[in-house]
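Here is the structure we will look at.
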Amino acid sequence: MSKILMIGAGGVATVAAFKMAQNADVFPELIIASRRKAKCDELASAIRGKGYELPITTAAVDADDVEQLKALFAKFKPEICVNLALPYQDLTIMEACLACGVNYLDTANYEPRDEAHFEYSWQWAFKERFEKAGLTAILGCGFDPGVSGIFTAYAAKHHFDSITHLDIVDCNAGNHHKAFATNFNPEINIREITQKGLYYEDGQWIETEPLEIHQPITYPNIGPRESYLMHHEELESLVKNYPTIRRARFWMTFGQQYLTYLDCIQNLGMSRIDEIEYEAARADNGEKIKVKIVPLQFLKAVLPNPQDLGENYDGETSIGCRIRGLKNGREHTYYIYNNCSHQAAYRETGMQGVSYTTGVPAMTGAMMFLKGIWRKPGVWNVEEFDPDPFLSQLNKQGLPWHEVFDGDIEL
């Protein structure tokens with residue numbers, strides 16, 4: 001009987017926990033831990049309220065503290081830790097997993113708090129230690145990164161002798177009816193969008209200004225939407241694992257209203273991630289009381305909580321891979337994608353589609369591990385495992401995927 005310990009109790013964790021409860025034959029016992037135990041208790045209560053009988057225990061933990069994590073793991077002795085906390089905490093959780101003999105899975109690569117920069121090198125450095133410990137670490141098992149890499153692996157396995165061009169396209173055509181809100185943690189979301197763009201071409205990484213390159217792309221059941229080239233972490237592992245790729249890019253859609261608000265936030269200095277000193281109040285003796293705050297963290301506190309967007313969120317997401325390559329000496333194109341309804345996601349889990357498209361793959365990756373299908377010592381990106389059993393489950397778990405052969409991939 002395998003215990004699963006999930007760190008995090010936000011939107012993605014909520015979806016993952018609901019999906020684990022729906023697959024209790026694979027997930028017999030779940031421990032949910034987060035900085036605030038009350039949030040974990042609320043999530044456990046919501047799952048029980050839907051009639052699911054999955055045994056759930058909750059706990060408080062500071063995931064920045066390796067010793068607290070080690071104590072948590074020692075108490076519950078899980079087989080795998082599903083890390084759905086903040087990417088700042090990947091390394092501390094991996095350290096605790098190594099110390100306590102726990103396997104590991106996450107959905108986003110490590111990012112330092114004091115720099116809007118992310119890459120896999122910090123986590124890839126753990127590879128030999130996980131190998132020696134006989135433990136498996138699965139990196140980036142959300143949708144993008146995650147399913148985007150698995151889609152690429154599936155294409156390489158079944159449809160191409162070599163992939164030469166890869167474009168990952170991510171469209172959120174939903175409407176949450178808020179003036180401005182982010183679909184996942186505002187701090188992480190805004191840091192990601194406001195940093196410089198990056199893409200791979202002919203063996204080199206080419207940097208662009210933030211959102212400098214854009215063009216309309218037509219998405220299934222949605223139509224044309226302006227799409228912006230961004231840096232995204234899965235490109236780093238995909239060009240490494242598929243060295244025939246000559247060009248790899250990532251595109252995401254943004255509405256003009258969103259971009260206008262984002263521009264204002266940056267111009268006002270509210271996207272800063274460095275500390276500033278702020279006069280918060282005056283003491284009884286009239287002396288000024290000053291505190292240090294990070295503007296972006298303050299902004300996060302006043303923006304709508306992504307977990308609360310689902311009820312009025314309509315429309316759908318569309319995420320996929322547009323691929324060009326060779327098969328038997330001839331060039332072919334291939335488009336593999338999923339569309340996800342925000343309202344369908346909300347009816348099932350109480351969360352909107354962006355949380356759903358990350359939480360379902362996280363659960364599915366953990367399922368692959370527990371079934372012994374994705375289990376090998378070391379640190380691995382998802383495309384390094386067999387894509388077939390994962391994609392077979394994805395169809396059953398609420399994210400069906402579709403294929404277009406030799407169509408116009410636009411890019």
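Note that the CG atom of L84 and the OG1 atom of T358 stand 9.0 Å from one another [nearest 0.5 Å]. E348 contributes atom CD, which lies 3.5 Å from atom OH of Y356 (distance to the nearest 0.5 angstrom). How far NE2 of H165 is from CD1 of I323: 12.5 Å, rounded to the nearest 0.5 Å. Taking CZ of R249 as the start and OG1 of T208 as the end, the distance is 11.5 Å to the nearest 0.5 Å. Considering OH of Y52 and CE of M20, their distance stands at 14.0 Å, rounded to 0.5 Å. In this structure, I138 CD1 and N103 CG are separated by 8.0 Å, a value rounded to the nearest 0.5 Å.
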Query raised in the report: Going through the checks in order, is the side-chain contact (heavy atoms from CB on, under 4.5 Å) test met by L139 and W124?
Result: CA-CA 9 Å; L139 304 185; W124 285 344; 4.0 Å; yes

Report task. Start with the C-alpha gap between F143 and F151, add the side-chain angles, then the distance that decides, and say whether side-chain contact (heavy atoms from CB on, under 4.5 Å) holds. Result -> CA-CA 10 Å; F143 207 108; F151 279 167; 4.1 Å; yes

Requested in this report: For N109 and W122, run side chain to side chain donor-acceptor pair (under 3.5 Å): C-alpha distance rounded to whole Å, both residues' side-chain angles, the deciding distance at 0.1 Å, then the answer.
Outcome: CA-CA 9 Å; N109 70 4; W122 290 291; over 6 Å; no

Query - Evaluation steps, side-chain contact (heavy atoms from CB on, under 4.5 Å), between Y154 and Y334 - result: CA-CA 11 Å; Y154 185 83; Y334 176 67; 3.6 Å; yes

Report task. Please report the C-alpha distance between L54 and Q22 in whole Å, then the side-chain angles of each, then the deciding distance to 0.1 Å, and finally whether the side-chain contact (heavy atoms from CB on, under 4.5 Å) criterion is met. Result -> CA-CA 8 Å; L54 174 67; Q22 293 173 15; over 6 Å; no

Query raised in the report: Could you walk me through whether Y242 and E383 pass the side chain to side chain donor-acceptor pair (under 3.5 Å) check?
Result: CA-CA 10 Å; Y242 296 96; E383 67 268 16; over 6 Å; no

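The two atoms that bring P387 and A153 nearest to each other are CG-C, 3.9 Å, heavy atoms only. For the residue pair L135 and V102, the shortest heavy atom distance occurs at CD1-O, 3.7 Å. A63 and L69 make their closest contact through O-CD1, 3.5 Å (heavy atoms, listed as atom of the first residue, atom of the second, distance). Between W251 and L229, the closest heavy-atom pair is CE3-N, 3.6 Å. A9 approaches L43 most closely through the heavy-atom pair CA-CD2, 4.5 Å. Contact record, P400 with N338: O-ND2, 2.7 Å, taken as the closest heavy-atom pair.
Ring planes of Y337 and H402: tilted class, angle from 30 to 60°. Below 30°, between 30° and 60°, or above 60°: for W374 and F390 the angle between ring planes is below 30°, a parallel geometry.
Relative to the ring axis of Y219, R322 places its NZ or CZ within 45° and under 6.0 Å from the centre.
Using a 4.0 Å cut-off between charged nitrogen and carboxylate oxygen, E95 and R129 count as a salt-bridge pair. Salt-bridge annotation for E209 and K196: present, with a side-chain N of the basic residue lying under 4.0 Å from a carboxylate O of the acidic one. Salt-bridge formation is detected for the pair K70/E67: a Lys NZ or Arg NE/NH1/NH2 atom is positioned less than 4.0 Å from an Asp or Glu carboxylate oxygen. E236 has no carboxylate O lying under 4.0 Å from a charged side-chain N of K240, or vice versa, which leaves the two without a salt bridge.
Around atom CD of E128, no more than 12 heavy atoms belonging to other residues, nucleotides or ligands sit under 6.0 Å away. By the neighbour-count criterion of 12 heavy atoms within 6.0 Å, atom NZ of K75 is sparsely surrounded, having that number or fewer from other residues, nucleotides or ligands. Taking a 6.0 Å sphere around CZ of F254, one finds it holds more than 12 heavy atoms contributed by other residues, nucleotides or ligands.
When side chains are defined from C-beta on, L166 does not count as touching Y200, because their heavy atoms never get closer than 4.5 Å. Contact check for F130 versus L98: side-chain heavy atoms found under the 4.5 Å cut-off. Between D106 and I93, the closest side-chain pair of non-hydrogen atoms is not below 4.5 Å. Counting heavy atoms from C-beta outward, H342 and L309 have side chains that stay 4.5 Å or more apart. Counting heavy atoms from C-beta outward, I319 and V147 have side chains that stay 4.5 Å or more apart. In this structure the side chain of P361 reaches within 4.5 angstrom of the side chain of L399, judged on heavy atoms. A 4.5 Å side-chain heavy-atom check between Y228 and M252 finds every atom pair outside the cut-off. Residues M367 and N23 form a side-chain contact, since some pair of their non-hydrogen atoms from C-beta on lies under 4.5 Å apart.
Between the side chains of Q397 and T364, not a single donor N or O lies within less than 3.5 Å of an accepting N or O. A donor atom on one side chain and an acceptor atom on the other are not found under 3.5 Å apart for H231 and E207.
Of the possible polar contacts, none joining the S341 side chain to the E316 backbone as a donor-acceptor pair under 3.5 Å is found. Side-chain N or O atoms of K3 include one that pairs as donor or acceptor with a backbone N or O of F76 at under 3.5 Å. Although no hydrogens or angles enter the test, the distance criterion places no donor-acceptor pair under 3.5 Å between the side chain of D406 and the main chain of H332. With W401 contributing its side chain and L391 its backbone, the two residues share a donor-acceptor pair below 3.5 Å. The backbone N or O of P220 sits less than 3.5 Å from a side-chain atom of N339, completing a donor-acceptor pair. With D65 contributing its side chain and Q68 its backbone, the two residues share a donor-acceptor pair below 3.5 Å. No donor-acceptor pair closer than 3.5 Å links the side chain of N83 to the backbone N or O of L105. Side-chain atoms of S227 come within 3.5 Å of backbone atoms of R225 as a donor-acceptor pair (strictly under, hydrogens ignored). Under a 3.5 Å cut-off, the side chain of T349 and the backbone N or O of Y346 do not form any donor-acceptor pair. Under the 3.5 Å distance criterion, the side-chain polar atoms of E29 are left unmatched by any main-chain donor or acceptor of I4.
Exactly one residue among K371, K157, K376 makes a salt bridge (charged side-chain N to carboxylate O under 4.0 Å, His left out) with D386. That residue is K157.
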